[in-house]
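Numbers restart at 1 for each chain; the letters A, B, ... are given by sequence-line order, proteins then strands.
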Amino acid sequence: MFENRAKPLLEWYKKEKRSLPWREDATPYHIWVSEIMLQQTRVEAVKRYYARFLEKLPTIEALAECEEEILLKLWEGLGYYNRVKNMQKAAKVIVEKYDGEMPSDYDKILELPGIGSYTAGAIASIAFGVRKPAVDGNVLRVLARQEEWEKDIAKTSTKKEAEYILEEQMPENDAGEFNQSLMELGATVCLPNGMPKCEKCPILNCCKSKKHGTIEQYPKKSGKVKRRIEKKTVLLIQKQEYFAVRKRPDEGLLAGLYEFPNQEGFLSEKEVLFFVEKQNLVPIQIKKIENAKHIFSHVEWQMQGYFILVEDTELKKSKDFIFIDKEEASENYPMPSAFSVYKKYMDKKLE
DNA sequence: AACCCGGGGTC
DNA sequence: GACCCAGGGTT
């Protein structure tokens with residue numbers, strides 16, 4: 001099936017491929033870092049993170065030894081923070097078991113934390129020329145349109161079938177280039193949401209959905225589950241020029257990141273004052289500030305904000321909170337984007 | 001197999 | 001508002 005398409009794809013890719021940072025100095029480590037960052041994340045968003053990450057952590061050893069706070073700071077704003085934690089776990093395995101070098105064997109790569117079939121295939125094929133497919137969302141969309149797949153591309157079974165087909169029919173050489181050509185095609189030509197640029201497609205003549213004029217019906221994909229809504233009250237608690245933050249739990253959403261103290265539900269002024277006093281803080285002033293909304297994949301936060309000025313007293317310590325200024329926050333405390341609306345309050349001086 | 005895990009671009 | 005993004009881990 002695909003042996004006819006490999007040649008035009010490879011020729012097209014050689015001419016049309018984008019110049020991307022991770023294609024310049026394609027060591028196994030660099031490819032690995034780029035593939036993890038690119039999981040569910042656009043190329044444009046990754047570029048700046050990629051350069052800074054490798055500047056700070058140029059080797060797998062450096063990654064293995066990095067303090068988690070610094071690691072999260074390098075990932076701050078990228079999302080899916082378990083990606084970088086798993087990458088560090090894998091780095092430690094590589095240092096201990098493989099003498100600091102990424103193994104070239106597909107199954108050994110696949111065993112590493114944070115690496116599934118797609119990423120293992122990408123690293124093995126691009127870095128080492130191993131004949132393994134790398135099936136991502138781009139590739140599934142291309143295949144579904146080429147073959148008029150009625151299968152749901154969101155299903156695990158569909159991805160496995162794609163991997164099986166591509167592994168059988170992959171060219172003998174150029175596995176990495178072949179995989180990248182399919183992804184590049186999906187990313188730049190065979191675009192989602194019924195907006196393909198078919199006139200630029202090197203394998204247009206084999207595309208069944210184009211032939212039948214049904215391209216907008218593919219790929220078939222099952223709907224997503226509805227988002228739940230969570231209401232929160234976010235507190236900007238100021239003591240002198242410092243603001244209260246706290247560390248989130250080690251598991252779950254935004255694990256290990258820092259946040260402004262917040263409570264479930266929309267609290268009244270009286271309830272907020274009760275909460276603040278319970279933390280052994282003495283409020284001097286309280287005012288309502290703007291509401292904000294942040295949308296995650298499965299949750300929507302609807303946030304109500306309060307600004308509270310508290311007495312500068314060391315008599316009683318607040319156990320849960322850390323008081324930091326804006327500079328400390330930006331240098332050492334990774335915070336999710338969800339609170340970005342409220343970060344500007346850290347600029348304000350004591351009134 | 002279903003659900004969790006971010007953030008942002010695009011239509 | 002819906003969809004999607006060089007997906008993987010957990011249950």
Heavy atoms only, 4.0 Å cut-off, all strands: where does [X] land among base, sugar-phosphate and nothing?
X: A:Gly223; answer: nothing
X: A:Arg141; answer: sugar-phosphate
X: A:Trp301; answer: nothing
X: A:Lys159; answer: sugar-phosphate
X: A:Val225; answer: sugar-phosphate
X: A:Lys224; answer: base

Which nucleotide in the set [options] lies at the smallest distance from any side-chain heavy atom of [X]?
X: A:Ser337; options: B:dG7, C:dA6, B:dC4; answer: B:dG7
X: A:Arg228; options: B:dG7, C:dA6, B:dC5; answer: B:dC5
X: A:Asn86; options: C:dG9, B:dG6, B:dC4; answer: C:dG9
X: A:Ser117; options: C:dG8, C:dG1, C:dA6; answer: C:dG8
X: A:Leu20; options: C:dC4, B:dG6, C:dA6; answer: C:dA6
X: A:Gln39; options: C:dA6, C:dC4, C:dG8; answer: C:dG8

Atom pair distance, as rounded to whole Å: [atom1] in [X] and [atom2] in [N]:
X: A:Ile295; N: B:dG9; atom1: CD1; atom2: P; answer: 14 Å
X: A:Leu140; N: C:dG8; atom1: CG; atom2: P; answer: 12 Å
X: A:Glu216; N: C:dA2; atom1: CD; atom2: P; answer: 20 Å
X: A:Glu44; N: B:dT10; atom1: CD; atom2: C1'; answer: 14 Å
X: A:His298; N: C:dG9; atom1: NE2; atom2: C1'; answer: 13 Å
X: A:Arg42; N: B:dT10; atom1: CZ; atom2: C1'; answer: 7 Å
X: A:Glu230; N: B:dC4; atom1: CD; atom2: P; answer: 11 Å
X: A:Asp136; N: C:dA6; atom1: CG; atom2: C1'; answer: 5 Å

If you compare every side-chain N and O of [X] against the phosphate oxygens of [N] (OP1, OP2), does one of them come in below 4.0 Å?
X: A:Asn193; N: B:dC11; value: no
X: A:His294; N: B:dG6; value: no
X: A:Tyr80; N: C:dG9; value: no
X: A:Thr119; N: C:dG8; value: yes
X: A:Gln40; N: C:dC5; value: no
X: A:Lys85; N: C:dG8; value: no

May I ask you to check whether A:Tyr242 and A:Phe323 place their ring centres under 6.0 Å from each other?
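Not close enough - the centres of the two rings lie 6.0 Å or further apart.
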By nearest heavy atom, map A:Ala187 and A:Lys89 onto DNA chain C; which one lands nearer the 5' end?
A:Ala187
Pair [X] + [Y], salt bridge at N-O below 4.0 Å:
X: A:Arg23; Y: A:Glu184; result: yes
X: A:Glu290; Y: A:Lys344; result: yes
X: A:Glu167; Y: A:Lys160; result: no
X: A:Asp347; Y: A:Lys326; result: yes
X: A:Glu161; Y: A:Lys159; result: no

Determine the sole option in A:Arg5, A:Lys211, A:Lys220 for which the salt bridge (Lys or Arg N to Asp or Glu O under 4.0 Å) test with A:Glu147 is passed.
A:Arg5
Transitively linked via ILVMFWY side-chain contacts under 4.5 Å: A:Ile165 with A:Val142?
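Result: yes, single cluster for both.
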So which one's nearest nucleotide on DNA chain B is more toward 5', A:Met195 or A:Phe296?
A:Phe296
Starting at the 5' end of DNA chain B, which residue's closest nucleotide do you reach first, A:Ser157 or A:Glu251?
A:Ser157
Between C:dA6 and B:dC5, how far apart are the two P atoms, rounded to whole Å?
23 Å
Quantified in whole Å, what is the P atom distance between nucleotide B:dG6 and nucleotide C:dT11?
15 Å
Does A:Gln146 offer a backbone N or O that forms a donor-acceptor pair with the side chain of A:Ser209 under 3.5 Å?
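Flag not set: sc A:Ser209 to bb A:Gln146 has no pair under 3.5 Å.
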Output yes when a side-chain donor or acceptor of A:Thr41 lies under 3.5 Å from a complementary backbone atom of A:Leu38, and no otherwise.
no
Once hydrogens and angles are ignored, does a donor-acceptor distance under 3.5 Å link the base of [N] to the side chain of [X]?
X: A:Thr41; N: B:dG6; value: yes
X: A:Arg18; N: C:dA6; value: yes
X: A:Arg83; N: B:dC5; value: no

Pull out every residue in residues 67-78 of chain A that has a heavy atom closer than 4.0 Å to any atom of DNA chain B, ordered by number, or say none.
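Of all residues in residues 67-78 of chain A, the ones placing a heavy atom under 4.0 Å from DNA chain B are A:Gly77, A:Leu78.
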